Number of protein chains: 2
Amino acid sequence: MKSYGQRCPVSRALDVVGDRWALLVLRELELGPKRYTDLLDGLPGVGTNVLSARLRDLESAGIVTKRTLPPPTPVTVYEATEAGRALRPVLQALRDWGEEYGRPIAHNDAIRASWMLTPLARRKGALPSGRVYELRVGDEVFEVRGARDGLSIAGGQADHPDAVVELGLGDLHALTSGSATPRDVRRRADIDGDDEAADQLLRALAPV
Amino acid sequence: MKSYGQRCPVSRALDVVGDRWALLVLRELELGPKRYTDLLDGLPGVGTNVLSARLRDLESAGIVTKRTLPPPTPVTVYEATEAGRALRPVLQALRDWGEEYGRPIAHNDAIRASWMLTPLARRKGALPSGRVYELRVGDEVFEVRGARDGLSIAGGQADHPDAVVELGLGDLHALTSGSATPRDVRRRADIDGDDEAADQLLRALAPV
DNA sequence: CCGCATCCCCAAAGATACTG
DNA sequence: CAGTATCTTTGGGGATGCGG
């Protein structure tokens with residue numbers, strides 16, 4: 001994109017992340033590194049050329065790094081750098097504003113589990129510290145951990161989780177939006193491991 | 001712009017304010033209502049057609065309102081609505097990020113006094129409550145007020161200011177960036193009214 | 001399959017001239 | 001002053017192709 005050419009920190013920020021899809025790429029990387037195709041799936045509507053261009057831009061701006069994981073599965077993943085993680089307050093401010101004043105929800109909007117889970121990260125005291133859970137929604141898998149300052153969520157499988165909970169996209173949406181209780185969802189969820197832990201996880205996903 | 005079509009508050013926010021120039025229009029309205037031509041001047045590089053399109057978009061999105069001031073000078077001004085003012089945290093987060101990670105400053109960047117002053121608004125306890133100042137930089141005029149929770153800045157002339165301080169763009173930049181002291185700037189400033197008040201104002205503009 | 005690059009087309013932005 | 005009209009240029013959406 002062309003620079004605004006203004007000596008103003010707002011416009012200088014937008015010179016870097018003001019391009020279409022740019023901030024949404026960062027949103028996708030909030031829960032950890034992702035592969036190109038997973039980014040494509042998390043950004044429905046983006047063209048493959050646009051995504052690769054945006055990743056190149058963000059990489060040369062020092063906001064994203066491309067890393068190749070070691071064998072035996074040499075996949076390349078994209079990851080937010082320090083500067084990229086520093087955009088979290090921007091994303092959070094946009095999220096807060098969008099909830100209240102953004103475009104109204106349309107019934108054919110695309111939807112992803114990670115979009116519902118990201119705002120729950122760093123929620124205070126929702127889960128016992130040290131507990132590890134695996135949450136599966138559709139083909140998305142997340143590791144949820146209880147930490148002393150709240151809960152953390154990352155994309156990918158969990159190591160030795162206390163419980164594995166699998167539920168549908170609709171159930172997750174109902175749960176996080178408050179239109180269903182943890183108890184409601186529990187009956188339709190597929191639970192593996194400690195039942196008590198699974199209950200903790202479901203309660204942690206419901207609004208306070 | 002085309003909607004992202006995603007049920008995510010971040011993208012739903014960007015559906016409304018993600019267009020080029022949109023957030024910068026809100027930046028220009030942070031210090032109060034502005035006329036079309038003043039917006040043009042505060043947004044160097046924007047085309048007249050693009051600005052009018054953006055204002056129309058933002059108005060129909062309920063973020064900006066167009067108001068015609070009563071006679072004898074029937075000028076039309078644009079003003080941020082409640083939803084527009086609610087974008088302040090977004091602008092502030094972008095400002096913070098841009099300071100540290102944004103595009104580096106170029107020597108031919110355009111520059112405006114208001115871009116330097118906006119981040120100073122609502123600064124805590126910088127000026128005695130109730131005091132009123134007028135600050136003139138080039139052809140931009142601002143009203144600065146001491147309030148109990150900090151200082152407030154608005155565009156336009158002040159009513160019965162305790163002091164009127166006029167200084168150059170370079171001096172303001174030097175002052176707010178810390179490369180010049182209030183004492184340095186004072187000698188080159190044009191001061192009208194209470195000298196003590198003028199000193200207060202200059203000190204309030206310098207970094208803590 | 002994954003990770004793009006290329007191509008074509010259209011919509012939006014840039015630039016400038018002009019008007020009520 | 002406050003825009004509209006017009007033209008050019010750029011960037012994004014969509015499809016396809018292609019090497020590893």
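Proteins come first, then strands; the chains are lettered A, B, ... in the order of their sequence lines, and each starts at number 1. Because the structure is predicted, anything quoted here is derived from the model rather than measured.
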Check: protein-nucleotides 16-18 of chain C nitrogen or oxygen pairs below 3.5 Å:
residue : atom : partner : partner atom : Å
C/dT16  : O4   : B/T48   : OG1          : 3.3

Nucleotide [N], atom [atom2] - distance to [atom1] of [X] in whole Å:
X: B/L69; N: D/dC1; atom1: CG; atom2: C1'; result: 14 Å
X: B/L39; N: D/dC1; atom1: CG; atom2: P; result: 13 Å
X: B/D19; N: C/dA11; atom1: CG; atom2: P; result: 15 Å
X: A/D38; N: C/dC4; atom1: CG; atom2: C1'; result: 15 Å
X: B/L24; N: C/dA13; atom1: CG; atom2: P; result: 13 Å
X: A/Y36; N: C/dC2; atom1: OH; atom2: P; result: 12 Å
X: B/L51; N: D/dA2; atom1: CG; atom2: P; result: 11 Å
X: A/K66; N: C/dC2; atom1: NZ; atom2: P; result: 16 Å

Give a yes/no answer on whether the side chain of [X] brings an N or O atom under 4.0 Å of OP1 or OP2 in [N].
X: B/W21; N: C/dA12; result: no
X: B/K2; N: D/dG14; result: yes
X: B/R56; N: D/dT4; result: yes
X: A/T76; N: C/dG3; result: yes
X: B/K34; N: D/dA2; result: no
X: B/R35; N: D/dG3; result: no
X: B/R20; N: D/dG11; result: no
X: A/T37; N: C/dG3; result: yes
X: A/Y78; N: C/dC4; result: yes

Where does the angle between the aromatic ring planes of A/Y4 and B/W21 fall among parallel (under 30°), tilted (30 to 60°) and perpendicular (over 60°)?
-> perpendicular

Scan side-chain atoms only and decide if B/R103 and A/Q6 contain a donor-acceptor pair under the 3.5 Å cut-off.
-> no

Could you tell me whether the side chains of B/E59 and B/Y78 share a donor-acceptor contact shorter than 3.5 Å?
-> no

With distance as the sole test, does A/S52 use its side chain to make a donor-acceptor pair with the main-chain N or O of A/N49 at under 3.5 Å?
->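 Checking the backbone N and O of A/N49 against the side chain of A/S52, a donor-acceptor pair under 3.5 Å is found.
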
In short, side-chain hydrogen bond (donor to acceptor under 3.5 Å, both in side chains) pairs touching residues 147-163 of chain B with sequence neighbours left out are B/R131-B/D162

Would you mind listing every side-chain hydrogen bond (donor to acceptor under 3.5 Å, both in side chains) that reaches into residues 87-97 of chain B, with sequence neighbours excluded?
->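 Non-adjacent pairs meeting side-chain hydrogen bond (donor to acceptor under 3.5 Å, both in side chains): B/E30-B/R95, B/Q92-B/D96.
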
Hey, are the side chains of B/L172 and B/V185 touching, using non-hydrogen atoms and a 4.5 Å cut-off?
->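 Side chain of B/L172 against side chain of B/V185, heavy atoms only: no contact under 4.5 Å found.
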
Residues which pass side-chain contact (heavy atoms from CB on, under 4.5 Å) with B/L169, listed by chain and number, not counting sequence neighbours = B/I111, B/A113, B/M116, B/V137

Show the numbers, then the answer: is there a salt bridge (charged side-chain N to carboxylate O under 4.0 Å, His left out) between A/R112 and A/D41?
-> CA-CA 9 Å; A/R112 296 289 181 277; A/D41 180 74; 3.4 Å; yes

Of A/V77 and B/V50, whose closest DNA chain C nucleotide lies nearer the 5' terminus?
->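 The answer here is A/V77.
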
Mind checking side chain to side chain donor-acceptor pair (under 3.5 Å) for A/D184 and listing every partner two or more places apart, or none if nothing turns up?
-> A/T181

Runs of at least three consecutive Watson-Crick or G-U pairs, both distances under 3.5 Å, are what I'm after; which ones involve DNA chain C?
-> C:1-19 with D:2-20

